[in-house]
Asks: 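I have a structure here, written as structure tokens, and I will follow up with some questions on it.
Bear in mind the structure is a predicted one, so any value in this text is a computation, not a measurement. Within every chain, numbering begins at 1; the chains are lettered A, B, ... in the order of the sequence lines, protein sequences first and strands thereafter.
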Amino acid sequence: MEDRLSGVSDDARPRLLLIDGHSMAFRAYFALPVDKFSTSTGQHTNAVHGFVSMLANLIKNEQPTHVAVAFDAGSTTFRTERFPDYKGGRESTPEPFKGQVPLIREVLDAMRITHYERDMIEADDILATWSKQAGAKGWQVLVCSGDRDSLQFVTPDVTVLYPVKGVSELARMTPEAVEAKYGVTPERYPDLAALVGESADNIPGVPKVGPKTAAKWLAQYGDLDGVLAHADEIGGVVGQNLRDHLDQVRLNREINHLLTDLDLPHSPEDLAVQPWDREALHQVFDTLQFRTLRDRLLAMMPAEDREDAPADAAVVEIDVLAPGTLGDWLAARRGQPIGLEVRGSFVPGAGDADMVALGDLEGHAVVLDLAQLDPADDTALGQWLAAEDAPVVAHGGKARAHALRGRGYTLRGVVLDTELAAYLCHPDQRSYDLEDLAVRNLHREIGASGPAGGQGALELDLEGEPGAGADLAERAAVLPVLAAALESDLKDRGSYDLLTTLELPLADVLEGMEARGVAVDVEMLRELECEFGQQVQGAAQEAYQVIGREVNLGSPKQLQEVLFDQLDMPRTKKIKTGYTTDAASLADLFAKTQHPFLEHLLVHRDVTKLRQTVDTLLRYVASDGRIHTTFQQTVAATGRLSSADPNLQNIPIRTAAGRRIRQAFRVGEGYETLLTADYSQIEMRIMAHLSGDEGLIAAFRSGEDLHSYVASRVFGVATDEVSAAQRSKIKAMSYGLAYGLSAFGLSKQLNVAVGEAQALMDDYFTRFGGVRTYLHEVVEEARATGFTETIRGRRRYLPDLTSDNRQRREIAERVALNSPIQGSAADIIKDAMLGVQRELDARGLRSRMLLQVHDELVLEVAPGELETVEELLRTQMAGAADLSVPLEVSVGRGQTWHDAGH
DNA sequence: CACTTAACGTA
DNA sequence: CGTACGTTAAGTGC
């Protein structure tokens, strides 16, 4: 590691960087705005960000060979015992600062930087000791500390970096700089400090004596002892003051003396910089939600810090095939997993591919330009792609299949999809770029060498796009290697089965659904757009009239002005930018003020949203008159699918106007009807199953209305005597429980007193105690194992369950409650989809699945197949899991999605 | 131009 | 102080 600096610096001595952790974190905290740095979970991160940013700069600029951080262990130290007022009178640590220090430690761990603290000792003492030890060896030492006491150990070899402004600007305090600034040598600095005092540490100095006077005295009498010995000779008020404070000054000197003889567990040699733990670094930056900082750090990670040298397989050799020999190339590798990478457009239903690369485990690759592919090769490629028994490894196979489909190829036989595999291993990440996976799992950089780095690959590239072929080949070649790594990772996590029996086959099913899309009535959508548009205009005009001016009703900022400044309405809930103007608050305000502006505003909001939904849908209608969404299979951490471009899982249903949009989704030409099937109360049934609560299981087995049944038990009345109000309270609570709802939250939702909500929950748990036990146990087990699990063994890792930060911990606890339930429901409907597809195929039916909306499937039924399809749909959905309660499925049919719904 | 925020639709 | 998503316009900052 030492040789790293030889190229950068002309000084070949080891360079030790020492950092006072608390002091710098605190500086960072005050340098950066608290409200601008927090994660979506509410964790403040400004101090972490500032600290890590500073650390990154230091490492980059100073190129240390050794690094360590010292922290203060607690508020009690040998100094406070000696002098109870030391550091007294300080404001208590700001709330948002607490909890950030452990996060800094996590980052340091990931960077494999030693950090140390010891009871009763301050960070400065630790740093002073290391500094002295390293100085004695002739090392260069840099000490980064915001504590001026550290200036006392500045020497020609030891420089203190003292923050002047925030944490970005550090003053290099060399012996010369100390002398220039304070008029004394570093060695005498504590003498000066003893006389002057340090208000930050609540150390009183001699009144009226500042650095100038103190330095003058020290120059005159040599050192502090000299000054004290000659205290009588000093005239004036300051002299008298000194004489009055002799004991204080002696005590000060005693206190600001730093220990340099601690027995530390790490010698300076132990502090050598280590290769960073990329995996851990990614994880901690994921939780901190630091994107730019992550990139900055990774970018400066020197090549020699990569954990293992790249394996020899990293060299990709592009085989130049004679026309017509692709079949031979493939035959020579029969049965071996081949990586497949595709270049082109991955748009569902309108994809296209222009280049394909194949790579084997040994690093051999071929690059195929599909536009000028030899007919024999084209056949060989098509057969190989479609063969179920020719093992393929892809990254995002579903998207690649869309591209290939555009060229008439069918993709089958994907035995491992690296994107899906990575998702199952770390379902919380936001992206699974192949480059990142290669680096994290194989320590292999791909696409980094640039065009010139290829091995004679350039001539293979399409004109005007140098490097594309080499890049594609490199990606294809890394896939089988990566697949092996991810396969074993998945097996370790017990999730391999989930990949092969659920997610991989599902990807095929989803690809089909996306490719076929869903038919819409464009005329109807246009009419709706127009109608909603007029209503938007109308509502806006009326709103303007009320307030006497035109504002942008879509701007929360301008609305705040109108509501709270112009109209001086009661303040709503506070948010970052002021007061919220969300629908619930506006409704509250209307109840209080009856102000007509609010009415018009709410109508405007509603209709704007609807118009916008219609607008978006229209933009996505493809040339076949259908909308092709993308079902994202690696986004939702619980295992659900999500839908995007456009999102068809959030089409309105609750309001009459909204439901009209569903009328525009209709059965396609050549088909008879739409069929929708949804699970009734699937999450509550899963709760009953997982908890084993006798009462809840009995409720479902009784066949009675769930919420009425539960309400009758909670309120102690007959099922048919349950009032609508009682039922709806219970319904809200039942669903809330699976989200970790508190009595406070319930009270807010039901608009009742917290006490009443609490009583309701208590009554509920008296009757359904198994639920409470289960909810408690699921959290505790997750805390012990670090993850939750669904009925299919889908894991979600929740490191925050053991966080010291209460807010983070409690959020993780709610996630732990919800994930097995939501995730199991996702498992079940995914299994059902496989069953439905299998049956449709097996029976040679033309009917087909179109959409999935979490607990609902939408199918397009071919003429004459209705009865068969409905039956198989019910059977497959109800039989998708074997729970201790029945899975109930309700089915509807109609010409439109609205009519098929129920 | 890219990113974040507030708001709101679904299960 | 209830989970999981995606999309949009407005606002902010480079």
Asks: Taking only the side-chain nitrogens and oxygens of A:Ser642, find out if one of them lies under 4.0 Å from OP1 or OP2 of C:dG6.
Replies: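 For A:Ser642, the contact criterion (side-chain N or O under 4.0 Å from OP1 or OP2 of C:dG6) is met.
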Asks: Scan residues 649-657 of chain A against DNA chain B and write down, sorted by residue number, each residue with any heavy atom closer than 4.0 Å; if none is found, say none.
Replies: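 DNA chain B contact set from residues 649-657 of chain A: A:Gln649, A:Asn650, A:Ile651, A:Pro652, A:Ile653, A:Arg654.
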Asks: Please list all pairs meeting salt bridge (Lys or Arg N to Asp or Glu O under 4.0 Å) that have one or both residues in residues 807-824 of chain A, counting only residues at least two apart or in different chains.
Replies: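 Listed once each, the pairs are A:Arg783-A:Glu813, A:Asp800-A:Arg808, A:Arg806-A:Glu810.
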Asks: Donor-acceptor pair, distance only, cut-off 3.5 Å: does the side chain of A:Ser643 make one with the backbone of A:Leu648?
Replies: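 Checked: pair present.
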Asks: Is any side-chain N or O of A:Thr577 closer than 4.0 Å to OP1 or OP2 of C:dG11?
Replies: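 Result: no.
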Asks: Base, sugar-phosphate, or nothing: which does A:Arg619 touch, judged by heavy atoms less than 4.0 Å apart?
Replies: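 Here A:Arg619 touches the backbone only, sparing every base.
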Asks: Of A:Ile661, A:Val520, A:Leu528, which meets side-chain contact (heavy atoms from CB on, under 4.5 Å) against A:Leu617?
Replies: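 One option only clears the test, and that one is A:Ile661.
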Asks: Using a 3.5 Å cut-off and no angle test, enumerate the donor-acceptor pairs between side-chain atoms of residues 537-544 of chain A and protein atoms at least two apart in sequence or in another chain.
Replies:
{"unit_1": "A:Glu542", "atom_1": "OE1", "unit_2": "A:His600", "atom_2": "NE2", "d": "3.4"}
{"unit_1": "A:Tyr544", "atom_1": "OH", "unit_2": "A:Val551", "atom_2": "O", "d": "3.2"}

Asks: Per the side-chain contact (heavy atoms from CB on, under 4.5 Å) rule, which among A:Leu506, A:Leu420, A:Thr630 passes with A:Lys398?
Replies: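 The single option meeting the side-chain contact (heavy atoms from CB on, under 4.5 Å) with A:Lys398 is A:Thr630.
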Asks: Measure from NZ on A:Lys609 to P on C:dT8 and round the result to the nearest Å.
Replies: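 Atom NZ in A:Lys609 sits about 9 Å away from atom P in C:dT8.
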Asks: Going by salt bridge (charged side-chain N to carboxylate O under 4.0 Å, His left out), name the residues that satisfy it together with A:Glu756, two or more places apart in sequence or in a different chain.
Replies: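 Expected list: A:Lys729.
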Asks: Using atom types as modelled, flag every donor-acceptor pair under 3.5 Å from a side chain in residues 735-744 of chain A to any protein atom, sequence neighbours excluded.
Replies:
{"unit_1": "A:Ser742", "atom_1": "OG", "unit_2": "A:Phe744", "atom_2": "N", "d": "3.4"}
{"unit_1": "A:Ser742", "atom_1": "OG", "unit_2": "A:Gly745", "atom_2": "N", "d": "3.0"}

Asks: Do A:Gln822 and C:dT3 have a side chain to base donor-acceptor pair shorter than 3.5 Å?
Replies: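 Looking at the base of C:dT3, it does pair with a donor or acceptor on the side chain of A:Gln822 (distance under 3.5 Å).
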Asks: Please determine whether any donor N or O and acceptor N or O are separated by less than 3.5 Å between the side chain of A:Arg640 and the base of B:dA11.
Replies: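 Donor-acceptor pair under 3.5 Å: yes.
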Asks: Tell me what A:Glu683 touches on the nucleic acid: a base, only sugar-phosphate, or nothing, going by heavy atoms under 4.0 Å.
Replies: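 It contacts nothing in the nucleic acid.
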Asks: What is the nucleic acid contact for A:Ala825, judged by heavy atoms within less than 4.0 Å: base, sugar-phosphate only, or nothing?
Replies: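 Counting heavy atoms under 4.0 Å across all strands, no contact is made by A:Ala825.
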Asks: How is A:Ser643 classified with respect to the nucleic acid when contacts are heavy atoms under 4.0 Å: base, sugar-phosphate, or nothing?
Replies: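 Since only primed, P, OP1 and OP2 atoms lie under 4.0 Å of A:Ser643, the category is sugar-phosphate.
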Asks: What nucleotide, of C:dG11, B:dA7, C:dA4, holds the atom closest to the side chain of A:Thr580?
Replies: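 Of C:dG11, B:dA7, C:dA4, B:dA7 is nearest to the side chain of A:Thr580.
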Asks: Considering only side-chain heavy atoms of A:Gln632, which listed nucleotide, C:dG6, B:dG9, C:dA4, is closest?
Replies: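 For the A:Gln632 side chain, the nearest candidate turns out to be C:dG6.
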Asks: Quick one: A:Leu857 CG to B:dA11 P, roughly how many Å, whole number?
Replies: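 Going from CG in A:Leu857 over to P in B:dA11 covers 14 Å.
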Asks: Rounded to whole angstroms, how far apart are CE on A:Met684 and P on B:dA11?
Replies: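 The answer, rounded to whole Å, is 17 Å.
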Asks: What is the distance from CG of A:Leu641 to P of C:dT3, rounded to the nearest Å?
Replies: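 From A:Leu641 CG to C:dT3 P: 21 Å.
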Asks: Any salt bridge (Lys or Arg N to Asp or Glu O under 4.0 Å) involving residues 526-536 of chain A? Give me the pairs, sequence neighbours left out, ordered by first then second residue.
Replies: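 For residues 526-536 of chain A: A:Glu523-A:Arg526, A:Glu531-A:Arg660.
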Asks: Only pairs at least two apart or in different chains count here, so list each salt bridge (Lys or Arg N to Asp or Glu O under 4.0 Å) that has a residue in residues 639-659 of chain A.
Replies: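 Passing the test, one end in residues 639-659 of chain A: A:Arg640-A:Glu683.
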Asks: Measure from the side chain of A:Thr581, starting at C-beta and using heavy atoms only, and say which of B:dA6, C:dC5, B:dA7 lies closest.
Replies: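 In terms of side-chain proximity for A:Thr581, the closest of B:dA6, C:dC5, B:dA7 is B:dA7.
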Asks: As a test of reading the structure: which of C:dT7, C:dT3, B:dT5 is closest to the side chain of A:Asn818, going by heavy atoms?
Replies: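 That would be C:dT3.
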Asks: Under the salt bridge (charged side-chain N to carboxylate O under 4.0 Å, His left out) test, which residues partner A:Glu419, sequence neighbours left out?
Replies: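 Counting only residues at least two positions away or on another chain, A:Glu419 forms no salt bridge (charged side-chain N to carboxylate O under 4.0 Å, His left out).
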Asks: A:Ser742 has a side chain; which of C:dA4, C:dC1, C:dA10 sits nearest to it?
Replies: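 So the side chain of A:Ser742 is nearest to C:dC1.
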Asks: Assess whether atom NE2 of A:His902 is packed by more than 12 heavy atoms of other residues, nucleotides or ligands within 6.0 Å.
Replies: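 Above 12, so yes.
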Asks: Between B:dG9 atom P and A:Arg659 atom CZ, what is the distance in whole Å?
Replies: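 Answer to the nearest Å: 13 Å.
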Asks: Closer than 4.0 Å, any side-chain N/O of A:Gln558 to the OP1 or OP2 of C:dG11?
Replies: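 Answer yes for this pair, as a side-chain N or O of A:Gln558 is under 4.0 Å from OP1 or OP2.
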Asks: In whole Å, I'd like the distance from the CZ atom of A:Arg611 to the P atom of B:dG9.
Replies: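 Between P of B:dG9 and CZ of A:Arg611: 15 Å.
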Asks: Report the nucleotide, chosen from B:dA6, C:dT3, C:dT7, that has the shortest atom-to-atom distance to any side-chain atom of A:Val815.
Replies: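 Within the option list, the nearest is C:dT3.
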Asks: Can you name the salt bridge (charged side-chain N to carboxylate O under 4.0 Å, His left out) partners of A:Arg794, sequence neighbours left out?
Replies: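 Salt bridge (charged side-chain N to carboxylate O under 4.0 Å, His left out) check on A:Arg794 returns A:Glu503, A:Asp827.
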Asks: Measuring from the side chain of A:Arg814 (C-beta onward, heavy atoms only), which nucleotide among B:dT5, B:dG9, C:dT3 has the closest atom?
Replies: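 Minimum distance to the A:Arg814 side chain belongs to C:dT3.
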Asks: Residues in salt bridge (charged side-chain N to carboxylate O under 4.0 Å, His left out) with A:Asp804, at least two apart?
Replies: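 Once residues adjacent in sequence are excluded, A:Asp804 has no partner under the salt bridge (charged side-chain N to carboxylate O under 4.0 Å, His left out) criterion.
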Asks: When you measure from the side chain of A:Lys557, which nucleotide among C:dT7, C:dG2, C:dG11 comes out closest?
Replies: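 Of the options given, the side chain of A:Lys557 lies nearest C:dG11.
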Asks: Using modelled atom types only, decide if a donor and an acceptor are shared between the side chain of A:Arg893 and the backbone of A:Val891 within a distance under 3.5 Å.
Replies: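 Pair absent, no side-chain N/O of A:Arg893 close to backbone of A:Val891.
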Asks: Contact class for A:Gly554 (heavy atom, under 4.0 Å): base, sugar-phosphate, or nothing?
Replies: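 Touches sugar-phosphate only.
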Asks: Quickly work out the A:Asp855 CG to B:dT10 C1' distance and round it to whole Å.
Replies: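 Between C1' of B:dT10 and CG of A:Asp855: 10 Å.
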Asks: Name the nucleic acid region contacted by A:Ile575, choosing base, sugar-phosphate or nothing; use a 4.0 angstrom heavy-atom cut-off, strictly under.
Replies: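 Sugar-phosphate only.
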Asks: How would you label the contact of A:Ser819 with the nucleic acid (heavy atoms, under 4.0 Å): base, sugar-phosphate, or nothing?
Replies: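 Answer is nothing: A:Ser819 stays at 4.0 Å or more from every strand.
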Asks: Just how far, in rounded Å, is C1' of B:dA6 from NZ of A:Lys573?
Replies: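 My rounded result for the distance is 11 Å.
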Asks: Which ones in residues 749-764 of chain A lie close to DNA chain C, meaning a heavy atom under 4.0 Å from one of its atoms?
Replies: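 Under 4.0 Å from DNA chain C: A:Gln749.
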Asks: With a 4.0 Å heavy-atom cut-off, tell me which residues in residues 786-802 of chain A come close to DNA chain B, sorted by residue number.
Replies: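 Contacting residues: none.
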Asks: Reckon A:Ala583 touches a base, only the sugar-phosphate, or nothing at all at heavy-atom distances under 4.0 Å?
Replies: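 The residue A:Ala583 makes sugar-phosphate contact but no base contact.
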Asks: Which nucleotide wins on minimum distance to the side chain of A:Ser555, given the candidates C:dG11, B:dA6, C:dT7?
Replies: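 Between C:dG11, B:dA6, C:dT7, the one nearest the side chain of A:Ser555 would be C:dG11.
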